[in-house]
Amino acid sequence: NHTLNGQVTWESGSFSLTTAITWHSGWKSSAPPETVNSGTQLATENLLNNISLKDYFSFDISARKTWILNKSILTARLDIINTTNRKNSAGIDFDIEEQSGILTFSPQGEVLLPITTTVGLELSF
């Protein structure tokens, strides 16, 4: 697998804004054939890591504002992860249906975090 990470931060006084990207080539996964006869044994070595999930990509934004209050520091933050709401693959589950002695494997993709927003306050003293 290949991975690329990048981050840019802009600061002005007590305010900062950061953007970050993460990309990596798709993880290896395993998938059975679409259909097999009932009772068929499938060799693990033919299935293990036989497919790749689609590439992962996330564009994230983070903003911080800090205030100095006597002997304390108050920081407000806003983080937005996966701002493009990309449906990054986490894995595949398979539903199995048997009909007339034939097993059919239907993939059900699992996805990682959708667009996620976090707001917070931090008080240091």
Side-chain angles (χ1 to χ4, degrees):
N1 283 0
H2 299 90
T3 301
L4 174 67
N5 292 306
Q7 178 176 311
V8 175
T9 299
W10 173 77
E11 293 182 1
S12 179
S14 62
F15 179 78
S16 69
L17 181 66
T18 300
T19 59
I21 62 165
T22 301
W23 169 88
H24 65 73
S25 54
W27 290 315
K28 294 287 186 185
S29 191
S30 301
E34 191 174 311
T35 61
V36 296
N37 291 325
S38 183
T40 300
Q41 292 185 346
L42 300 172
T44 303
E45 61 270 11
N46 295 336
L47 300 176
L48 192 61
N49 295 324
N50 64 346
I51 63 168
S52 292
L53 301 177
K54 74 177 189 174
D55 290 356
Y56 173 94
F57 178 78
S58 184
F59 177 69
D60 308 327
I61 298 174
S62 179
R64 302 275 189 276
K65 172 68 176 154
T66 301
W67 295 272
I68 297 176
L69 311 168
N70 295 326
K71 296 180 181 180
S72 300
I73 299 173
L74 178 64
T75 303
R77 63 177 171 70
L78 169 68
D79 299 310
I80 305 171
I81 299 171
N82 192 21
T83 59
T84 61
N85 203 26
R86 182 179 162 107
K87 295 185 179 2
N88 289 302
S89 296
I92 304 172
D93 289 330
F94 291 88
D95 290 338
I96 303 171
E97 184 179 316
E98 182 177 8
Q99 194 171 49
S100 302
I102 302 289
L103 297 174
T104 302
F105 297 91
S106 302
Q108 302 297 320
E110 300 292 327
V111 295
L112 295 171
L113 289 175
I115 187 170
T116 303
T117 304
T118 304
V119 178
L121 287 173
E122 177 181 307
L123 181 61
S124 303
F125 51 93

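Here, residue 1 is the first one in the sequence, and each next residue gets the next number.
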>> Is any side-chain heavy atom of Glu110 closer than 4.5 Å to one of Asp93?
In response: yes
> Any chance the side chains of Glu98 and Ser38 put a donor and an acceptor closer than 3.5 Å?
Replying inline: yes
> Atom CG in Asn50, atom OG1 in Thr44: separation rounded to 0.5 Å?
Replying inline: 11.0 Å
> Which heavy atom in Tyr56 sits nearest to a heavy atom in Leu112, and how many Å separate them?
Replying inline: CE1-CD1, 3.7 Å
> Does Leu103 share a hydrophobic cluster with Leu47, counting links as ILVMFWY side-chain heavy atoms below 4.5 Å and allowing steps through other members?
Replying inline: yes
> So do the side chains of Ile80 and Ile115 get within less than 4.5 Å of each other, counting heavy atoms only?
Replying inline: yes
>> Contact between Phe59 and Asn82 at the side-chain level, heavy atoms closer than 4.5 Å - yes or no?
In response: no
>> Counting C-beta onward and ignoring hydrogens, is there a side-chain heavy-atom pair between Asn37 and Ile102 closer than 4.5 Å?
In response: yes
>> To the closest 0.5 Å, what do you measure between OG (Ser124) and CG (Leu74)?
In response: 8.5 Å
> Taking all non-hydrogen atoms of both residues, which atom of Thr116 and which atom of Pro114 are closest, and how far apart?
Replying inline: OG1-O, 2.8 Å
> Under 6.0 Å from the CD1 atom of Ile68, do we count more than 12 heavy atoms belonging to anything else shown?
Replying inline: no
> Taking Lys54 for the side chain and Lys87 for the main chain, is one N or O donor matched with an acceptor at less than 3.5 Å?
Replying inline: yes
> So if you build clusters from Ile, Leu, Val, Met, Phe, Trp, Tyr with side-chain heavy-atom gaps below 4.5 Å, do Trp27 and Leu48 land together?
Replying inline: no
>> Are the side chains of Ser72 and Leu123 in contact, using a 4.5 Å heavy-atom criterion?
In response: yes
> Can you name the nearest heavy-atom pair linking Arg86 to Phe57, along with the distance?
Replying inline: CD-O, 3.4 Å
> According to the interplanar angle, ranging from 0 to 90°, do the rings of Phe94 and Phe105 count as parallel (below 30°), tilted (30 to 60°) or perpendicular (above 60°)?
Replying inline: perpendicular
>> Quick check: do Ile73 and Thr66 have side-chain heavy atoms less than 4.5 Å from each other?
In response: yes
> CH2 of Trp23 to CG of Asn5: how many Å apart, nearest 0.5 Å?
Replying inline: 10.5 Å
> With no hydrogens and no angle check, is any side-chain donor or acceptor of Ser30 less than 3.5 Å from a backbone partner on Asn49?
Replying inline: yes
>> Can you tell me which residue among Thr19, Thr118, Asp79, Thr18 is in a side-chain hydrogen bond (donor to acceptor under 3.5 Å, both in side chains) with Ser62?
In response: Asp79
>> Return the CD to OG1 distance between Gln99 and Thr104, rounded to the nearest 0.5 Å.
In response: 7.0 Å
> Say you draw a straight line from OG1 of Thr75 to CZ of Arg77; how long is it, rounded to the nearest 0.5 Å?
Replying inline: 10.0 Å
>> Is there a side chain to side chain donor-acceptor pair (under 3.5 Å) between Asp95 and Ser106? Walk through the geometry before answering.
In response: CA-CA 5 Å; Asp95 290 338; Ser106 302; over 6 Å; no
>> Do Pro33 and Leu42 have side chains that approach each other closer than 4.5 Å (heavy atoms only, starting at C-beta)?
In response: yes
> Are the side chain of Ser14 and the backbone of Trp67 linked by a donor-acceptor contact shorter than 3.5 Å?
Replying inline: no
>> Contact between Ile92 and Leu53 at the side-chain level, heavy atoms closer than 4.5 Å - yes or no?
In response: yes
>> To the nearest 0.5 Å, what is the distance between CG on Leu113 and CG on Asp60?
In response: 9.5 Å
> For Gly26, does its backbone N or O pair with a side-chain atom of Asp55 as donor and acceptor, under 3.5 Å?
Replying inline: yes
> Is Leu4 reachable from Ile61 through a run of I, L, V, M, F, W or Y residues, each pair having side-chain heavy atoms under 4.5 Å apart?
Replying inline: yes
